[in-house]
Amino acid sequence: MSKFGGIRYNSLWDWSTWLIMAFSVGVCVWPLFLDDDRTWRIVLIILTCVFIAFLFVLFKGIYYRIDGNNLVVYQFFLPNVFPIDKIESVKPVRSMLSAPATSIIHRIAIKFSDRKVLKSSMPLIISPVRQEEFIARLLSVNPDIKIPERGCRAPGK
């Protein structure tokens with residue numbers, strides 16, 4: 001496996017990320033209040049700690065790199081490489097789709113001109129920190145990327 005360089009962008013952690021973490025912890029901790037058996041409680045505490053550590057490592061293992069003409073998306077520290085010159089458009093979305101993104105609210109959808117890149121017509125959805133800088137960096141590599149006007153509304157609406 002080759003090592004990628006370039007500029008690193010962590011995945012954005014916002015209140016939605018923390019809400020997912022809190023809900024997961026709550027679901028794991030709730031059984032502790034249902035049973036008084038000390039042995040069972042210790043096992044549940046250990047399993048809860050292991051699950052929280054796994055969830056934290058899973059979320060920290062999502063980040064992105066722009067390395068030359070490549071957008072490298074890391075999921076659980078494993079890289080997936082996408083060519084920036086095949087990006088057709090980038091737009092902000094609020095999607096609940098499963099994606100290599102920790103935020104649910106601040107996501108961007110990257111659509112590719114070639115369906116073979118993702119082997120699907122679905123866009124790549126990510127949530128990098130410093131999104132404006134990230135998009136500007138993509139544009140510096142591929143100036144043909146279409147970016148919709150942000151906050152633009154039709155008159156009278």
Side-chain angles (χ1 to χ4, degrees), residues 1-67 70-84 86-112 115-139 145 147-148 150-151 153:
M1 178 168 63
S2 63
K3 178 114 171 124
F4 294 98
I7 300 169
R8 177 180 169 144
Y9 294 89
N10 290 325
S11 191
L12 180 67
W13 286 50
D14 61 6
W15 66 266
S16 65
T17 310
W18 292 108
L19 183 65
I20 291 169
M21 295 280 276
F23 179 76
S24 300
V25 169
V27 167
C28 289
V29 170
W30 178 254
L32 293 173
F33 298 106
L34 299 178
D35 195 2
D36 289 335
D37 185 11
R38 184 180 168 103
T39 307
W40 182 243
R41 187 170 281 194
I42 290 170
V43 169
L44 279 175
I45 290 170
I46 291 170
L47 287 175
T48 299
C49 291
V50 167
F51 178 73
I52 292 168
F54 172 75
L55 194 62
F56 187 75
V57 168
L58 181 70
F59 277 16
K60 287 304 260 183
I62 299 173
Y63 60 95
Y64 323 102
R65 284 191 186 276
I66 296 178
D67 182 21
N70 293 321
L71 168 61
V72 186
V73 177
Y74 288 85
Q75 285 180 280
F76 207 58
F77 303 104
L78 299 173
N80 293 311
V81 181
F82 303 100
I84 295 175
K86 300 279 187 191
I87 295 176
E88 181 179 305
S89 66
V90 175
K91 68 177 184 175
V93 293
R94 289 192 177 186
S95 171
M96 295 293 286
L97 289 175
S98 176
T102 53
S103 173
I104 295 175
I105 305 301
H106 300 98
R107 291 179 165 197
I108 57 174
I110 299 175
K111 187 175 179 187
F112 292 93
R115 288 183 60 178
K116 294 176 188 170
V117 172
L118 281 177
K119 300 176 184 76
S120 160
S121 60
M122 297 292 291
L124 173 65
I125 298 176
I126 60 175
S127 64
V129 296
R130 305 183 320 270
Q131 284 187 3
E132 298 296 325
E133 178 188 326
F134 182 82
I135 293 170
R137 182 76 52 174
L138 290 176
L139 284 169
I145 296 173
I147 310 287
R150 292 203 176 103
R153 299 174 78 175

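Distance CG/Leu118 to NZ/Lys86: 12.5 Å, rounded to 0.5 Å. In this structure, CD1 on Ile145 lies 10.5 Å from CD on Glu88, to the nearest 0.5 angstrom. Atom NZ of Lys60 is separated from atom CD1 of Ile62 by 11.0 Å, given to the nearest 0.5 angstrom. Separation of atoms CG (Leu78) and CG (Asn80) is listed at 7.5 Å; rounding is to 0.5 Å. We find the CD1-CZ distance between Ile87 and Phe82 to be 9.5 Å, quoted to the nearest 0.5 Å. Within the model, atoms CD1 of Ile135 and CD1 of Ile147 stand 5.0 Å from one another, a figure rounded to the nearest 0.5 Å.
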Step-by-step side-chain contact (heavy atoms from CB on, under 4.5 Å) determination, Arg94 to Ile105: CA-CA 5 Å; Arg94 289 192 177 186; Ile105 305 301; 3.7 Å; yes

Evaluation steps, side-chain contact (heavy atoms from CB on, under 4.5 Å), between Leu124 and Val117: CA-CA 10 Å; Leu124 173 65; Val117 172; over 6 Å; no

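Side-chain atoms of Asn70 never come within 3.5 Å of backbone atoms of Val72 as a donor-acceptor pair (strictly under, hydrogens ignored).
Arg65 approaches Gly6 most closely through the heavy-atom pair NH1-O, 3.4 Å. Heavy atoms only, all atoms of each residue included: Thr17 and Leu12 are closest at OG1-O, 3.8 Å. Scanning both residues, Ile125 and Pro100, for their nearest heavy atoms gives O-CD, 3.4 Å. Across every non-hydrogen atom of Arg107 and Gln131, the tightest pair is N-NE2, 4.1 Å. Nearest heavy atom pair, residue Asp14 against residue Ser103, reads OD2-OG, 2.6 Å. Listed here is the closest heavy atom pair of Leu71 and Phe134: CD1-CZ, 3.6 Å.
Atom CZ of Arg115 has 12 or fewer heavy atoms from other residues, nucleotides or ligands within 6.0 Å.
With sequence neighbours left out, Arg41 forms a side-chain hydrogen bond (donor to acceptor under 3.5 Å, both in side chains) with no residue at all. Partners of Ser127 according to the side-chain hydrogen bond (donor to acceptor under 3.5 Å, both in side chains) rule, which considers only residues two or more places apart in sequence or in another chain, are Ser11.
Ring pair Trp13/Phe59 is perpendicular by interplanar angle, where above 60° counts as perpendicular and below 30° as parallel.
Looking at heavy atoms from C-beta onward, Ile20 lies in side-chain contact with Ile104 at the 4.5 angstrom threshold.
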For residues 43-57, tabulate all N or O donor-acceptor pairs below 3.5 Å that involve a side-chain atom, not counting sequence neighbours.
from  : atom 1 : to    : atom 2 : distance (Å)
Thr48 : OG1    : Cys28 : O      : 3.4
Thr48 : OG1    : Leu44 : O      : 2.7

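Note: Tyr9 and Tyr64 fail the aromatic proximity criterion, with ring centroids not under 6.0 Å apart.
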